Amino acid sequence: MTPNGPTRILIADDQEDVRSGFRLILGSQPDMTVVGEAADGLTAVDLARTLRPDLILADIRMPGLDGLELTRHLAGPGVPDPMRVLVVTTFDHDDYVRTALADGACGFLLKRSGPGLLIEGVRAAMAGDVLISPQITVRLLRTLAPAPAPAPTNAPAAPTAPSPLTAREAEIARLVAEGLTNAEIGEKLFISAGTAKTHIANVQAKLKARNRVGIAAWTWENGLAGPVPGE
């Protein structure tokens, strides 16, 4: 919520049913309100500059101006008064993710991630954080993670630093690194989504991680991540 009231959101998507769904989801939150909608990128840029919303939700493939260009125009390097743009799309190509973030996007979410992550993404953006859909996070981390160097023959084992996490927290961190949402973690561990969220907050605090991406990165770096589902 902004100091003057709910977070003011502009929705840019060329599909009317998607805009309607987002409007219903965001409008159900007491700290959010939709102030405008656009079916193409050029209209979205004009509305953004006129309405000055707190946040723009932008699809990637739109007529006139796509979401990546929209992001560059409104949030990119050199923009005098950058705005918050949260990309929400069906397309999860790595190049799209990297381009959007390099051009100032404050998050990259997949539409299939569900309403909970959409709401979480808006709040993260308003808090100055960056939220990326877990499925993308896992893939990017696996791509960027360096291969472990082989240990020299007959070399003594290196001492292992004690983990700051409890056994349950380490399990939570591993599931975050696998790309599971709070609800999926709760279902897997037979706990509520709220309890899973509390555990994740505790893990984040102990690891001094900014978000789920940081938790996943720590898990991969420390060799605690399990196989990604489907591989």
Side-chain angles (χ1 to χ4, degrees), residues 1-93 95-136 181 210-213:
M1 184 177 295
T2 65
N4 298 321
T7 298
R8 301 169 65 253
I9 301 168
L10 170 66
I11 301 173
D13 195 294
D14 62 343
Q15 298 182 54
E16 185 176 356
D17 57 338
V18 171
R19 297 196 307 273
S20 176
F22 284 175
R23 184 172 64 248
L24 289 173
I25 292 168
L26 301 172
S28 70
Q29 302 302 303
D31 56 342
M32 301 177 192
T33 184
V34 175
V35 296
E37 299 180 23
D40 65 84
L42 290 173
T43 301
V45 169
D46 289 341
L47 280 177
R49 289 171 175 165
T50 301
L51 298 174
R52 300 299 303 180
D54 300 308
L55 179 72
I56 300 103
L57 294 185
D59 190 14
I60 285 186
R61 296 190 181 176
M62 294 186 291
L65 195 71
D66 68 30
L68 298 177
E69 282 295 304
L70 178 150
T71 301
R72 187 174 63 81
H73 276 75
L74 297 178
V79 174
D81 190 11
M83 306 176 74
R84 296 181 182 91
V85 179
L86 176 60
V87 175
V88 187
T89 183
T90 305
F91 306 98
D92 62 347
H93 304 307
D95 287 345
Y96 286 169
V97 181
R98 294 190 181 98
T99 300
L101 296 178
D103 284 340
C106 56
F108 195 105
L109 304 180
L110 300 180
K111 290 177 180 176
R112 67 176 180 267
S113 296
L117 201 65
L118 177 64
I119 292 167
E120 187 178 346
V122 170
R123 291 186 176 135
M126 293 306 297
D129 205 349
V130 174
L131 186 64
I132 303 173
S133 281
Q135 303 96 317
I136 299 173
T181 64
R210 291 189 62 198
N211 47 36
R212 299 172 79 101
V213 178

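None of the values given here were measured: they were computed from a predicted structure.
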To the nearest 0.5 Å, tell me how far [X] [atom1] sits from [Y] [atom2].
X      : Y      : atom1 : atom2 : result
Ile119 : Thr7   : CD1   : OG1   : 12.0 Å
Arg8   : Arg52  : CZ    : CZ    : 10.0 Å
Asp13  : Thr90  : CG    : OG1   : 8.0 Å
Asp54  : Met126 : CG    : CE    : 4.5 Å
Leu65  : His73  : CG    : NE2   : 5.5 Å

Which salt bridge (charged side-chain N to carboxylate O under 4.0 Å, His left out) pairs, counting each pair once, include a residue from residues 39-48, with sequence neighbours left out? none

Hey, could you give me each pair passing salt bridge (charged side-chain N to carboxylate O under 4.0 Å, His left out) that has a residue in residues 56-68? Not counting sequence neighbours. Asp59-Lys111

Taking only Lys NZ, Arg NE, NH1 and NH2, and the carboxylate oxygens of Asp or Glu, determine whether Arg123 and Glu120 approach each other closer than 4.0 Å. no

Contact check, side chains of Leu74 and Arg49, non-hydrogen atoms, under 4.5 Å: yes

Any side-chain heavy atom of Glu69 sitting closer than 4.5 Å to one from Val45? no

Could you tell me whether a side-chain N or O of Ser113 sits under 3.5 Å from a main-chain N or O of Ser133, the two making a donor and an acceptor? no

Between Thr99 and Asp95, is there a donor-acceptor pair closer than 3.5 Å when you use the side chain of the first and the backbone of the second? yes

Minimum-distance pair of heavy atoms, taken over all atoms of [X] and [Y]:
X      : Y      : answer
Asp103 : Arg72  : OD2-CB, 3.8 Å
Leu51  : Gly36  : CD1-CA, 4.2 Å
Ala44  : Leu70  : CB-CD1, 3.4 Å
Leu55  : Cys106 : CD1-SG, 3.8 Å
Ala75  : Val85  : CB-CG2, 4.2 Å
Ser28  : Ile25  : OG-O, 2.6 Å

Between Leu26 and Leu118, does the side chain to side chain contact (heavy atoms under 4.5 Å, CB included) criterion hold? Intermediate values first, please. CA-CA 8 Å; Leu26 301 172; Leu118 177 64; 4.2 Å; yes

Does the pair Val88 and Phe22 meet the rule for a side chain to side chain contact (heavy atoms under 4.5 Å, CB included), with working shown? CA-CA 10 Å; Val88 187; Phe22 284 175; 3.6 Å; yes

For side chain to side chain contact (heavy atoms under 4.5 Å, CB included), just list the numbers for Leu42 and Met62, CA-CA rounded to whole Å, side-chain angles, deciding distance to a tenth of an Å, and then say yes or no. CA-CA 9 Å; Leu42 290 173; Met62 294 186 291; over 6 Å; no

Can you check side chain to side chain contact (heavy atoms under 4.5 Å, CB included) on Leu57 and Ile9, steps first, answer last? CA-CA 7 Å; Leu57 294 185; Ile9 301 168; 4.0 Å; yes

